[in-house]
Protein chains: 2
Amino acid sequence: MTIQEKFAGLGIDNAPGQEALQKKEALDLRGEKLLGARVDFSHGDVDAHMPTPGSFDVFKEGFEEGGSQAYTPYRGRKKILDHVAASLSGFTGASIDPEENLILTPGTQGALFLAMGANIMPGDKVAIVEPDYFANRKMVEFFGGQMVPVVLEYENEGGRAGISLESLEEAFKDGVKLFLFSNPNNPVGCVYSYEEITGIAALAKKYEVTLIVDELYSRQVYPGIPYTHLCAQKEIPENLITILGPSKTESLSGFRLGAAFGTAEIIERMEKLQAIMALRCSGYNQAVFLTWFHEPDGWLEARVRAHKEIRDAVMEVIREVPGVSAKPTEGGSYLFVTIPELDVSLHQFIRIVRELADVIVTPGTEFGPQYVHQFRINFSQDKEKAAAAMKRLFAVMERYRKQ
Amino acid sequence: MTIQEKFAGLGIDNAPGQEALQKKEALDLRGEKLLGARVDFSHGDVDAHMPTPGSFDVFKEGFEEGGSQAYTPYRGRKKILDHVAASLSGFTGASIDPEENLILTPGTQGALFLAMGANIMPGDKVAIVEPDYFANRKMVEFFGGQMVPVVLEYENEGGRAGISLESLEEAFKDGVKLFLFSNPNNPVGCVYSYEEITGIAALAKKYEVTLIVDELYSRQVYPGIPYTHLCAQKEIPENLITILGPSKTESLSGFRLGAAFGTAEIIERMEKLQAIMALRCSGYNQAVFLTWFHEPDGWLEARVRAHKEIRDAVMEVIREVPGVSAKPTEGGSYLFVTIPELDVSLHQFIRIVRELADVIVTPGTEFGPQYVHQFRINFSQDKEKAAAAMKRLFAVMERYRKQ
């Protein structure tokens with residue numbers, strides 16, 4: 001394999017925020033543009049949902065502190081590791097030693113990359129869920145792993161995410177060394193049940209599979225949905241990394257802050273990789289972690305409530321359109337929307353919607369090759385604008401519905 | 001090879017800033033502690049040499065701008081790419097298209113990692129200079145390349161860095177695909193001559209070798225030393241990446257800002273890798289690039305002058321000690337100091353100096369396994385404290401000099 005072939009599989013033209021890369025080929029544009037405020041559903045709108053109060057002030061203090069905040073050990077500065085370890089222990093129920101089990105990273109993407117790079121050897125079988133976060137597949141490819149997809153039957157009514165523990169066990173029996181999944185799931189927004197989580201943990205332990213659990217959205221779980229932290233269960237595998245960060249719910253993405261905690265030996269390898277990847281999570285930015293889990297009283301609840309209202313408003317639009325469906329989000333800010341057959345391909349449709357409705361969504365194929373009738377939206381937006389944008393999107397869609 | 005074996009070669013215990021990891025084994029401590037202000041020569045002191053004036057204000061403006069600064073394309077925000085491309089074109093003399101030839105990264109470490117990851121396939125022969133930046137070797141190992149060392153005869157008097165173009169050609173003939181070197185060299189601080197640079201470029205072109213030139217310290221070249229940007233020469237190889245960033249001379253390391261420019265096809269692969277590595281250089285932090293090459297009049301000259309004075313003060317201390325030598329830095333803030341035979345190993349001595357003199361230096365072995373009588377200092381420190389610290393170090397050294 002050449003380096004060109006290796007990278008050919010890592011396409012980013014359809015990744016969120018990269019739409020400017022898309023080739024300017026002729027589109028079958030039908031009808032007039034629909035006017036309305038542009039909405040970019042490829043990521044959350046941090047102007048509609050502002051960064052955690054005080055985050056800038058804490059950054060400023062870090063900057064003013066100077067050298068001791070600028071240059072930290074690769075894992076992060078001790079006092080910040082202490083704060084994050086205590087906060088995450090309290091939140092998840094796991095026991096986290098700040099000196100042994102934790103590393104701060106440039107965003108949760110950095111944490112995922114380090115965790116994958118610290119575990120995959122070329123040829124290793126790596127199981128990932130479909131649909132799941134679009135970078136998961138690409139990281140397996142980059143590190144030369146062999147991808148084993150585990151399909152999530154997310155369109156179920158059973159109060160579960162929809163993983164088949166039987167299929168997972170088959171994959172583990174077949175030699176899978178590493179299993180990565182996000183909970184709440186990205187892009188569906190479903191939450192794994194207690195039975196699913198403890199089942200996954202037990203299987204990983206039995207077959208000595210390393211687990212990476214991406215809990216990025218786990219602070220934003222909607223009322224009535226039970227959430228189970230795998231890392232806090234009695235029976236867990238020897239090799240387990242959990243990933244969180246304040247990029248999403250807390251709107252701190254512009255600072256690039258992530259955290260990974262778990263098995264000391266893996267954290268040590270991640271630190272070695274971080275040393276050659278980016279040295280550390282930006283020094284001054286690390287200070288902003290001090291606001292995490294220390295938000296003003298009621299702030300988190302208000303944010304979750306606001307997002308539930310947007311979800312409901314968008315779901316109301318979705319439910320009115322024949323042939324369109326989405327599972328109501330249980331956690332996080334994503335909806336994975338299924339649409340009917342169209343006269344144009346999914347990728348063409350998405351570009352058409354951008355042209356005619358000024359709405360940007362992410363194609364389902366980023367989350368698994370089979371999702372050619374799906375797109376993902378991040379509904380962390382202004383509520384009225386989001387609902388109006390979805391109406392425009394579906395109005396444009398009607399012009400292309402297959403008869 | 002197991003993942004444990006792979007990472008065993010990526011030791012970081014002796015890397016700058018990681019000294020806390022060193023095992024607490026008994027040391028042969030001789031005599032009393034020498035009192036004086038602690039100096040950590042493993043990196044520059046940004047409290048002694050402050051970040052570029054205005055850098056914090058520009059960050060603040062970026063933060064206040066909100067979403068459009070928080071979420072940028074993976075390569076970076078357009079207006080910042082434009083600024084950096086124009087600045088680097090003006091500085092180096094190379095032609096840089098901001099849309100095709102440039103990417104912003106989390107620090108220059110990020111740029112190096114992306115450039116290496118976007119070029120090395122397992123088994124590829126990669127030439128690196130010895131001594132050179134300690135991460136170079138580790139990146140080759142991580143990506144499964146086969147390292148081909150090219151020794152720099154830096155102890156020469158000829159106004160050149162000391163690379164043997166004959167040895168380099170032998171290596172290229174032998175199948176080397178990629179050659180990475182830093183100019184000014186880290187750790188020696190020597191600058192490659194015009195003949196060396198054009199010679200390297202011509203050989204790379206002839207043998208179709210990809211070049212990565214780390215010019216991190218190229219703005220801090222001392223008066224009278226001619227500096228040649230390889231990227232601006234007439235005859236250059238098809239595949240060439242140059243790396244710069246405002247972490248060192250500009251003391252902006254706490255923001256983690258780096259830039260790589262060059263061959264469009266490589267930049268595209270680097271962007272794909274950045275998408276799964278850390279998504280982007282932190283959004284708000286990118287704003288700080290706007291201060292780069294736009295410092296107040298005379299600021300850079302004053303900074304270079306101040307560092308030349310510190311270099312001279314430290315060299316004066318070095319020249320007084322029999323058996324100790326260092327080539328005076330031509331560019332950057334490093335000195336690579338050779339010491340005589342001691343009763344203890346280099347690593348023990350470095351730990352002893354930390355204990356008895358409160359001085360931290362980086363062992364020569366980080367830059368090549370043969371440098372067991374060398375250590376590196378970053379003299380971007382308070383001048384008086386730095387000179388005093390070196391005196392304490394050598395006073396301690398005398399207690400261990402082999403008779």
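Order of the sequence lines fixes the chain letters, A, B, ..., with proteins taken first and strands second; residue numbering starts at 1 for each chain.
- No side-chain N or O of A:Asn285 forms a donor-acceptor pair with one of B:Arg256 less than 3.5 Å apart.
- Among B:Pro51, B:Gly110, B:Ala278, B:Gly67, the residue with the largest count of heavy-atom pairs under 4.5 Å with chain A is B:Ala278.
- For chain B, the nearby parts of A:Leu273 are the backbone and the side chain; heavy atoms of each come within less than 4.5 Å.
- Heavy-atom pairs under 4.5 Å with chain A peak, among B:Ser282, B:Ala70, B:Gly283, B:Ser251, at B:Ser282.
- The distance between the ring centers of B:Phe41 and B:Phe379 does not fall below 6.0 angstrom.
- Taking the centre of each ring, A:Tyr133 and A:Phe367 stay at or above the 6.0 Å mark.
- In this model, a donor atom of one side chain and an acceptor atom of the other lie less than 3.5 Å apart for B:Gln286 and B:Thr72.
- The CD atom of B:Gln109 lies 7.5 Å from the CD1 atom of A:Ile276; values are rounded to the nearest 0.5 Å.
- Neither the backbone nor the side chain of A:Ala111 comes within contact range of chain B; no heavy atoms are under 4.5 Å apart.
- Residue with the most contacts toward chain A among B:Ala8, B:Ala118, B:Gly44, B:Ser68: B:Ala118 (heavy-atom pairs, distance under 4.5 Å).
- The candidate with the highest count of non-hydrogen atom pairs below 4.5 Å against chain B, out of A:Met1, A:Glu99, A:Glu65, A:Gln69, is A:Met1.
- In this structure, chain B has no heavy atom under 4.5 Å from any part of A:Asn136.
- For the options A:Val46, A:Thr108, A:Leu10, A:Leu279, heavy-atom pairs under 4.5 Å to chain B are most numerous at A:Leu279.
- For a residue to count as touching a neighbouring chain, one of its non-hydrogen atoms must lie under 4.5 Å from one of that chain's; by this rule A:Ser55 touches chain B with the side chain only.
- Heavy atoms of other residues, nucleotides or ligands lying less than 6.0 angstrom from CD of A:Glu265 number 12 at most.
- A:Phe63 touches chain B through its side chain: at least one heavy atom from C-beta onward sits under 4.5 Å away, while N, CA, C and O do not.
- Interface remark: B:Asp124 contributes no atoms to any contact with chain A (heavy atom separation under 4.5 Å).
- Taking the centre of each ring, B:Phe59 and A:Phe59 come in below the 6.0 Å mark.
- Heavy-atom distances place the side chain of A:Phe142, and not its backbone, under 4.5 Å from chain B.
- Counting heavy atoms from C-beta outward, B:Gln146 and B:Lys125 have side chains that approach closer than 4.5 Å.
- Heavy atoms of other residues, nucleotides or ligands lying less than 6.0 angstrom from CE of B:Met147 number more than 12.
- If you tally non-hydrogen atom pairs under 4.5 Å between each of A:Gly117, A:Pro122, A:Gly258 and chain B, the highest count goes to A:Gly117.
- Of the two parts of A:Lys272, the backbone and the side chain both hold a non-hydrogen atom closer than 4.5 Å to a non-hydrogen atom of chain B.
- Contacts with chain B were tallied for A:Lys6, A:Lys138, A:Lys60; A:Lys60 has the most, counting heavy-atom pairs under 4.5 Å.
- Ring to ring, B:Phe143 and B:Phe113 are close: their centroids are under 6.0 angstrom apart.
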